[in-house]
Amino acid sequence: MKKITSNIYMKNGLWGTGILSTNVYFLTDTKLTIVDTGYKGRVSQICRDIKRLGYSLSDVENIILTHYHVDHTGNLLKLKQLTGANIIAHMDDAPYIEGRLPHPCPKALRQLKFMEHFWNPDPVEVDVTFKDGDILPVLGGIKIIHTPGHTPGSISIHIRQEDALITGDLLANTFKLSLPSREFTVDITQEIQSIQKIADMEFNIVCFGHGVPLMRGAHKKIKKYYLKLKKTLPNSLSGDNT
Ligand SMILES: [Zn+2]
Ligand SMILES: [Zn+2]
């Protein structure tokens, strides 16, 4: 487990930092909040980490999901059963998490037999749905930023007290800053608008669903990445009509 700030801890992906690996975050307050839950099969590791941080399972108050993909919601059902935590997600991704809408699975993955185990979500009821700008009373108030594109209800979480942003799969930093897989991203135009939205914010640290956090001056690095990205896009994608 990596300490990001005095109140944010990161459980590295199970299989290193590659695309098949997803980070889980712990926000430590009087109670514990977990952000994302990784691929299936990690419940015992997550429970060990909860105890290592000095909390019991019943101290887990919230589980926030950055989006519905199975590499972020894989352990959700078991964690809900063990902790009784509130499951929190954006209203546009809740129908997928609850199994009311099917998960669109890219053709290429459907052909990979070994992915079937992972691509088999357990529906879980969402207790609290959020929209852009909502604040959760954790660590002095954490703000939900709606950053759609990768999925309709993808969110980033601004933890102002810690000067940090958790972006889910809006961007990845496995080897370098990059866009999420096109195969899994429903609207690339919206995705880039969402990157612009966070590029205009101020934060020192940024944490990703996949890869290593940027620990200093992160908003400048995201801004630089966005401006570079914008230059490489055709006008139809950048939204620049001039
Ligand atoms: Zn994703
Ligand atoms: Zn992911």
Side-chain angles (χ1 to χ4, degrees), residues 2 10-26 34-43 45-46 63-77 79 87-99 101-110 112 114-124 126 130 144-157 165-195 197-198 206-214 222:
K2 182 181 166 68
M10 179 180 101
K11 172 86 182 164
N12 294 52
L14 186 58
W15 298 303
T17 57
I19 201 73
L20 279 176
S21 207
T22 315
N23 300 319
V24 175
Y25 294 93
F26 299 93
I34 298 178
V35 179
D36 288 340
T37 69
Y39 274 108
K40 268 186 191 177
R42 301 186 61 195
V43 177
Q45 287 179 46
I46 293 171
I63 300 173
I64 308 178
L65 301 160
T66 59
H67 61 298
Y68 72 78
H69 283 158
V70 287
D71 53 331
H72 300 255
T73 57
N75 299 292
L76 184 61
L77 179 63
L79 282 175
I87 309 296
I88 300 173
H90 190 275
M91 51 168 66
D92 294 343
D93 268 20
Y96 299 96
I97 296 165
E98 294 178 335
L101 283 177
H103 289 207
C105 181
K107 223 193 268 166
L109 270 191
R110 247 181 271 142
L112 293 173
F114 80 96
M115 285 306 288
E116 271 177 15
H117 168 69
F118 300 113
W119 201 266
N120 190 14
D122 298 315
V124 183
V126 175
F130 268 165
I144 305 300
I145 318 286
H146 187 206
T147 47
H150 184 55
T151 67
S154 283
I155 55 166
S156 298
I157 302 160
L165 188 78
I166 298 176
T167 65
D169 284 0
L170 178 64
L171 287 164
N173 190 32
T174 45
F175 299 106
K176 56 180 184 160
L177 274 179
S178 60
L179 290 171
S181 148
R182 290 275 180 122
E183 282 256 293
F184 284 100
T185 299
V186 291
D187 188 333
I188 192 69
T189 308
Q190 218 179 28
E191 168 74 16
I192 289 155
Q193 285 163 351
S194 291
I195 295 170
K197 189 170 177 178
I198 65 152
V206 64
C207 302
F208 307 94
H210 303 274
V212 293
L214 299 176
I222 300 286

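None of the values given here were measured: they were computed from a predicted structure. Counting convention: from 1, in listed order, for ligands and their atoms alike. Residues: numbered from 1 along the sequence shown.
Listed here is the closest heavy atom pair of F26 and K11: CE1-CB, 3.9 Å. Minimum heavy-atom separation, P213 to M10: CG-SD, 3.8 Å. Contact record, N173 with V212: ND2-O, 2.8 Å, taken as the closest heavy-atom pair.
Only protein N, O or S atoms were considered, and those under 2.8 Å from the Zn ion (ligand 1) are H67 NE2, H69 ND1, H150 NE2, D169 OD2.
With sequence neighbours excluded, the residues satisfying side-chain contact (heavy atoms from CB on, under 4.5 Å) with I145 are D132, K143, T147, S156, H158, K197, M201.
The one candidate from L76, D36, N75 that meets the side chain to side chain contact (heavy atoms under 4.5 Å, CB included) condition with I63 is L76.
Considering only heavy atoms from C-beta on, I64 comes within 4.5 Å of I155 through its side chain.
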